[in-house]
Each structure stands twice: as structure tokens, then as C-alpha cells.
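Working notes, beginning with the structure itself.
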Amino acid sequence: MQDRPCVAVAQTTSAIQFSPPDKIGLVPARNNWVPQKIESLLKLGAGRAAEAMLVKARDQTGNTRLCVEKIFRPGWLTRAVYRCAFQAPFAYQNSEDAILACFYRRRVAARLVEALVPGVSVAEPLYVRWDRSSRAFVLGSELIRGRGIRPAPADPQILRRSLQNGFGNPNENNRQPPEEIDGLLRIMRRLEALMHECGLVGSGWQVSQSAVVATANLLRTKSEYVVVDLESGIPALLVPYYLAAGWRMRSMPLFDDLEPRTLRNFVEAHWPKLQTELGRTGYQQLADDVEALIEHTERWKQAEIALGRRSTSLFSRTFRKAQRQRCIDIWQRQEIIDEKTADQFRSSSRLWSRPIFWLGLIPGSPGRFLQRMCGNRLARRTARQAILHRSFRRKLFSEYCDRKTSQWRKAGRISPERNFARLSPRFLANATLAKITPTGLQRWLSDPQQRRTQLARFVLLIASGRYQREYGRQMIRRSLREWTTDGRLHPQEQASLEKQSDSHELDEYARCFGMHLSLKLIMPVLIPLKVGGLAAFAVTKDPWYLLPMAVSPIARTAITLWRMARNRWRGVRYGEALAIGILPLVGSLAFPVQMYAAHKQLATFLIRDNAARLGRWIPIYGGRNSRLEIAAIKAADIPIELLDIGLSVIAWFRGLFPHWKSVQPEEVAPTTLSASRWQRWVDHHIKKLIESEAAQQLINDHIDNLYKQQTHYRKAS
């Protein structure tokens, strides 16, 4: 038997080499990668607690890596849930110990999974930093080029097969192959069992099959599954097992909690297997990371009131010291107190009796402003000069306007060319809109060019057949590209479906589909009216307030009736579209259903794509690659089968009558466009559509090239 290596206890942060690039706010951690320069490339997405940003980072040796930064900047609802559960601000955004616990938890889980669960890995954490512009901590990790769950192929016999099985006549030839999500759930069960066994109980929530959205935390690469998210956004409140575990651990509710003794004993008990798989050095690093994880987790938890935890008394010296240090750190990072005030607080045991603590209970900017006036001499001096000196006040307001304008431009709330140099009425109006409206609505209200573009598109989608066809095809191509990028379609399938979308017989259906989609351009205005109407109906019970809910169905029905009247002599069918278009939520499926008879493959894809969008739209449980989205795609097999049965009945009924020789549609020669002002306007906006698609494709190609360069560099090294 091999000699068992000694397990060294993790050293304090004073023994860690501090990174030189203070300008990026790097937080020291053991064996972390030290970038010198970070460049943001693309926002990848946003969840309940953080947004993911693709960045290009470079260290002092010139090594460049593509990384994913997880910026913990949750919305107000997530912050409110956390504060109600633990009576503290969101930890991953504000606590250095909490974000370091994220870093070491990722590394511990990565080593354990690597050694004990073959075919699965965990995305490696690289560094931790404080982002001053976002006022939030950031966890940087390696970029994983993988895909989510690939839905099973469409099954147009799902109901008939279920009936056969129900009557005891299963047909072996019609048995469907196992779905990919079944294999993923088996892997998630193994990962969750490992997390429970090794003591990372709270982290099991992130890979639990009982959490509907947890399937999005794993990506599939060519060789394995990779866990890309182990950090919770909300407490584990929705699964009975974790409620019971929180009660057993005396920590209600669980939020990435661990059992230190269980984790240490697990690493000790499995040291032969772990050392064989990881090597002596790898095992030693795992042991050190375990101790660092336990240390930072204890510091993090000790500094929160958390009435559901029974480990620390609220009036004990340990808790008061930890909370005082946490508050001082947060106030310093947010520049609420200066260094001299921070030193005074550290040398005193008083915190709850100080005005600055209670002023922090005032939510939002007013509370932070009052805290700065109480604890920051520079802030008080600045406020005094702003009151006494007009020129200084103008400069201060100008800097504030520049800062807010930059934030709005970055968020897409205003035009990239828009700039506010002073506190004008328009600036104050935009500041109000930024607080109470969605991004799209503020952009529409504040940007005249955006309004003109949207209104021009709306007019063209009503009056220009050429623009309607191009818009509908662009929407189809966009969906095809999204599915191909997500690995749900092969490039050959994408090419076949794009070819079908270009056929002449789909021109009318694509045109009408584009007209229906054009109604979404008024969604930024219509959604607040719907919400207000529902609220007014709930109070007054007057059904007239529900009229905004019927705007889209009525508009779709009017468009379909108009096209029926216009093409009454061409023999184009509109019955299915008329019936579907009047339904809420699913009314946009009207012309995909109508297309089903002509191009079954393309129509099947559009129906499944709309079902996926509905699954992602549902709050809390929805989202990309969630089980709810996959279930919605699978549920789309039912209307597909009903359509298939209906078309079969129609074909049988038509077979009772004499067959007329079908006439192939004549090829329509392209007409030479006139140089009229109207045609030039149409050409201009079609060009904008094409440029928008080309710009998105250019971004994707650029990211692919960077990733290939990084892969080539690693192989060469």
C-alpha cells in the first residue's frame, strides 16, 4: 500500500501571493490564474443571481484565454428573497469569503468528480475579482464549448402508440429510442448522490433532477458532460429533501451549505482512489482546497444573522465581530466609509448603535447617500462644495450624468450615440424610465430612431409583400441558426429546412407569418397595458379592462381575413390559420400549422420552436435547456400528430372523389424594381435586416476563431 500523504491545513490569506494587477480588482486565492488584462466580448446570458459574460483575458506571459465571468449582480427579487431568508445582503455579490468559497467549492467538486464520476467534469475556476463598475464580485472560469439537451426527434405517433400500449398491443417496431435527457438525468442522480455523500449537501441542489432548471447547469461536449454552474441563486426551498437536510444540519434554508466533518472524512476515507486518479500533488491540493473551502464558508455564514441557523448566537462575541468586519468590508468597497472611519470601526465593538448601520436599512440610493454623508469625509466635503460652488456642482452633475448614460448605453436602454451632459428634463425622464420600465420599452420611448425603425417595419409588414416575405424568412433562419448553434440541428438539416423556406409556394405563408410576427413589435407598449388591465379587472371586475389581452388575437384574425379576401381566386387555404390565430399565446402558430400540409418538415420545426419558446418564457421553472422547455418540445408532438391525423382524414375524404390533375405553379420571373421612393425605402429596410443577420453571424464566427486560436495555442504549448 502506498504511504498516505499528510493533509496540510490551509494557510491564511496572508501566506498567499497577492496578484499585482489591482486595477482589475483581483482577489488573492491559492493557485489561481493571474490575468493582467480583461476585455469583455459578449454577454452570454443572465440568471436569477448573475449574468455570464464572455471575456478575453491575458496574463503577464502573454497567454490569452477565453473565459466566462459570472458577475453576481442579482435583481431586486433575488436580493429580497435572500435578505428575507438570511437577514443579510446577497452574499456572492458582497462577501469576499462567500465568493472565495465559490472558487474553492468548484475546485473541490472538480477534483472529486474527476476521480469518482467518469465521463463528467466541472468547469475549472480561474480567478476571483471585484468589479468596481458593477459593484459586485466576479467568478472567472474556463469557457466550455458545449451544448444543452438535444430534444428527441418529433414523434407523430405518440398518442397512437400510447393507445396501443394501453390496450396491451405494443408494437416493437414503433418503439422509440431512449431520449438524451434520460441519460442526463442518470448522470445528475450520480452527481447529486456524490454531493450528498461527500458533504457538499447544498451544492447537490444545483445538479438535482428535482430542480426543474438544473439540467441547464450541465453542457455536453464531444466526450463528456461538464457542470458549468454550482452556485445557487435562491435558497433550496422547493424540494422536500433539502428542507429536511436543512433541518438536520440546523441551517434553514440551505444555500450552498456543507458538512465540514463529512467532507473531511470523505476525503480521508477515499484517499487511495483519489491519489491514484489525481496524483500525490493533486490530492494534496484537494486537501488544501477542502480546508480553504471550510474556512471561508464558516466565515461567510458566521457574519449573517440567519435566524434559521442555530450555530451562532446573535449576541455572541464571534457573531458580532464577524458581522462588523463584513459590514466594514462592504462599506469600504462601495466607498460608503473612508479608511479612517473603517479603522475606528475595527477598533470598536459597537456597530448596532451607530447611525450608519441603521441608515443602511433605507433601501436604494437614498440609504447609501445618507450612509456616505455619515461615514465618508470626502463625500461630505464633496457635498459641501457642491452646495457652495456652482461650477463644482455642474462638474459633479456632469460626471454623474456621464456615468448613468454609460450604464444605459451598455444595457441597451438608450441609443449608443445618445449622451446627456447635464441634469435636463430628458435625463430625469430616462432615469425614471430606467427604474420602472423594461429595457425595450425605454429604448422605444427614448430613441426616436428606434421608434422610426419599428414603425417603418410595422408599416412595411402591413403594406409590402416583399418585405413581409423577407422578414418571415429571416425569422425562420434565425430560429434555425439558434437550434444549430445549440446542437439541436445538424448543419445538413439546417440547409434542407432553409431550402424549403425559399420555395415559391411558401411565399404567401411566410408573408402572413411575418405579418403575425410583426405584432410583436408593439409588445413593449402592449405588455404594460395587459398587466394594468389585469390589475384593474381584478379590482373592478369590469371585462372591458381585459380588452388589451384580445388585441393580438383580433389583429391576427383581421390579417388572415384580409389575405383570404385578397387571394380568394388563387385557391390558397386559410382555414387552419384562421382557427389557430384567434387563440392567445399560441396564435403565432397559425401559419406554421398552415404550412404543415405543404412542407411537413419545416412546419414541424416551427411548431417545436414555438413550443420551446413557450417553455423558456414560463417564469421560475422555465428557461433554456430546462426540463420544462424539453417537456414543451415533446408536448408539441401531440398537435403534430393531430395535424397528421387530420391531414390523413382529409386525404381519405378527397380520395372518394375524382382526382383532378394538379397544376404546377408557374415560375414567376423576378420583376425589375422601379426607382421609386417607396421601393428604395423597402430596399433600405431589407438591407438592414440582412446586415443585422450578418452582424450576428460575424460575432459567432469571431468567437469561434478565438476559441480555435486558444485550442491551437494549448496544443502547441
Side-chain angles (χ1 to χ4, degrees), residues 23-25 38-43 46 51 53 69 71-76 79 89 93-94 130-138 330-338 356 359-360 362-454 524-525 528:
K23 61 181 181 180
I24 63 173
I38 296 176
E39 176 186 355
S40 298
L41 298 178
L42 180 69
K43 182 178 178 180
E51 63 180 30
M53 184 71 68
E69 285 196 342
I71 306 172
F72 290 94
R73 188 172 50 187
W76 68 269
R79 297 198 307 270
Q93 181 180 11
N94 298 284
W130 168 260
D131 186 49
R132 187 174 181 181
S133 62
S134 302
R135 296 188 182 275
F137 279 109
V138 175
I330 294 175
W331 293 340
Q332 278 192 291
R333 287 194 187 91
Q334 296 184 352
E335 299 176 354
I336 290 176
I337 60 175
D338 52 29
I356 190 172
L359 289 173
I362 301 175
S365 300
R368 290 192 297 271
F369 174 78
L370 293 175
Q371 282 184 302
R372 287 191 180 93
M373 293 298 101
C374 183
N376 193 315
R377 290 177 173 83
L378 178 60
R380 291 197 295 270
R381 189 181 306 118
T382 302
R384 188 182 304 112
Q385 290 181 357
I387 295 173
L388 299 177
H389 304 286
R390 184 177 181 182
S391 59
F392 184 82
R393 183 168 61 249
R394 286 182 176 179
K395 179 183 177 182
L396 195 66
F397 286 161
S398 178
E399 292 175 352
Y400 172 76
C401 292
D402 288 340
R403 186 169 62 253
K404 298 301 292 185
T405 302
S406 178
Q407 294 176 2
W408 295 338
R409 284 199 299 259
K410 185 177 179 181
R413 287 186 167 272
I414 61 176
S415 171
E417 294 80 19
R418 192 65 183 269
N419 188 29
F420 295 99
R422 58 188 181 85
L423 285 176
S424 62
R426 290 190 176 183
F427 174 85
L428 297 176
N430 277 276
T432 304
L433 291 174
K435 295 289 186 182
I436 63 175
T437 62
T439 300
L441 180 58
Q442 181 178 355
R443 179 67 182 271
W444 194 86
L445 292 173
S446 64
D447 187 356
Q449 182 61 37
Q450 182 79 355
R451 287 199 302 273
R452 286 193 293 267
T453 300
Q454 296 284 13
V525 178

I need the [X] [atom1] to [Y] [atom2] distance, nearest 0.5 Å.
X      : Y      : atom1 : atom2 : answer
Arg426 : Ile414 : CZ    : CD1   : 12.5 Å
Leu359 : Leu370 : CG    : CG    : 5.5 Å
Gln334 : Asn376 : CD    : CG    : 12.5 Å
Arg384 : Met373 : CZ    : CE    : 9.5 Å
Ser134 : Glu69  : OG    : CD    : 9.0 Å

With side chains defined as the heavy atoms from C-beta onward, is the minimum distance between [X] and [Y] less than 4.5 Å?
X      : Y      : value
Asn94  : Phe72  : no
Arg394 : Arg422 : no
Arg413 : Arg443 : no

Would you be so kind as to tabulate the donor-acceptor pairs closer than 3.5 Å made by side chains of residues 431-441, with sequence neighbours excluded?
| residue | atom | partner | partner atom | Å |
| --- | --- | --- | --- | --- |
| Thr432 | OG1 | Leu428 | O | 3.0 |
| Thr437 | OG1 | Leu433 | O | 2.4 |

Would you name the heavy atoms of [X] and [Y] that are closest together and state the gap between them?
X      : Y      : answer
Met53  : Leu42  : SD-O, 3.2 Å
Ala421 : Cys401 : C-CB, 4.3 Å
Arg372 : Arg380 : O-CG, 4.4 Å
Leu396 : Ala386 : CD2-CB, 3.9 Å

Practice item. Fit a plane to each ring of Trp408 and Phe420, take the angle between them on a 0 to 90° scale, and name the class: parallel (under 30°), tilted (30 to 60°) or perpendicular (over 60°). Key: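 Perpendicular: the ring planes of Trp408 and Phe420 meet at over 60°.
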Exercise for review: Dump the intermediate steps for side chain to side chain contact (heavy atoms under 4.5 Å, CB included) on Lys410 and Gln407, then the final yes or no.
Suggested key: CA-CA 5 Å; Lys410 185 177 179 181; Gln407 294 176 2; 5.8 Å; no
Answer yes or no: is there a donor N or O on one side and an acceptor on the other, between the side chain of [X] and the main chain of [Y], under 3.5 Å?
X      : Y      : value
Gln442 : Asn430 : yes
Ser406 : Asp402 : no
Gln93  : Ala136 : no
Arg409 : Arg418 : yes
Arg333 : Arg135 : no
Asp338 : Leu378 : no

Exercise for review: Please indicate whether Phe369 has more than 12 foreign heavy atoms, meaning atoms of other residues, nucleotides or ligands, lying under 6.0 Å from its CZ.
Suggested key: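 Result for CZ/Phe369: open.
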Practice item. Take atom CZ of Phe392 as the centre, draw a 6.0 Å sphere, and report whether it contains more than 12 heavy atoms from other residues, nucleotides or ligands. Key: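 Atom CZ in Phe392 is packed in, count exceeds 12.
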Practice item. Apply side-chain hydrogen bond (donor to acceptor under 3.5 Å, both in side chains) to the pair Gln454 and Arg451, showing each step before the final yes or no. Key: CA-CA 5 Å; Gln454 296 284 13; Arg451 287 199 302 273; over 6 Å; no
Exercise for review: Might you work through the side chain to side chain contact (heavy atoms under 4.5 Å, CB included) test for Glu417 and Gln449, ending with a clear yes or no?
Suggested key: CA-CA 11 Å; Glu417 294 80 19; Gln449 182 61 37; over 6 Å; no
Point to revise | Trace of the side chain to side chain contact (heavy atoms under 4.5 Å, CB included) decision for Gln332 with Ile337 | key: CA-CA 6 Å; Gln332 278 192 291; Ile337 60 175; 4.0 Å; yes
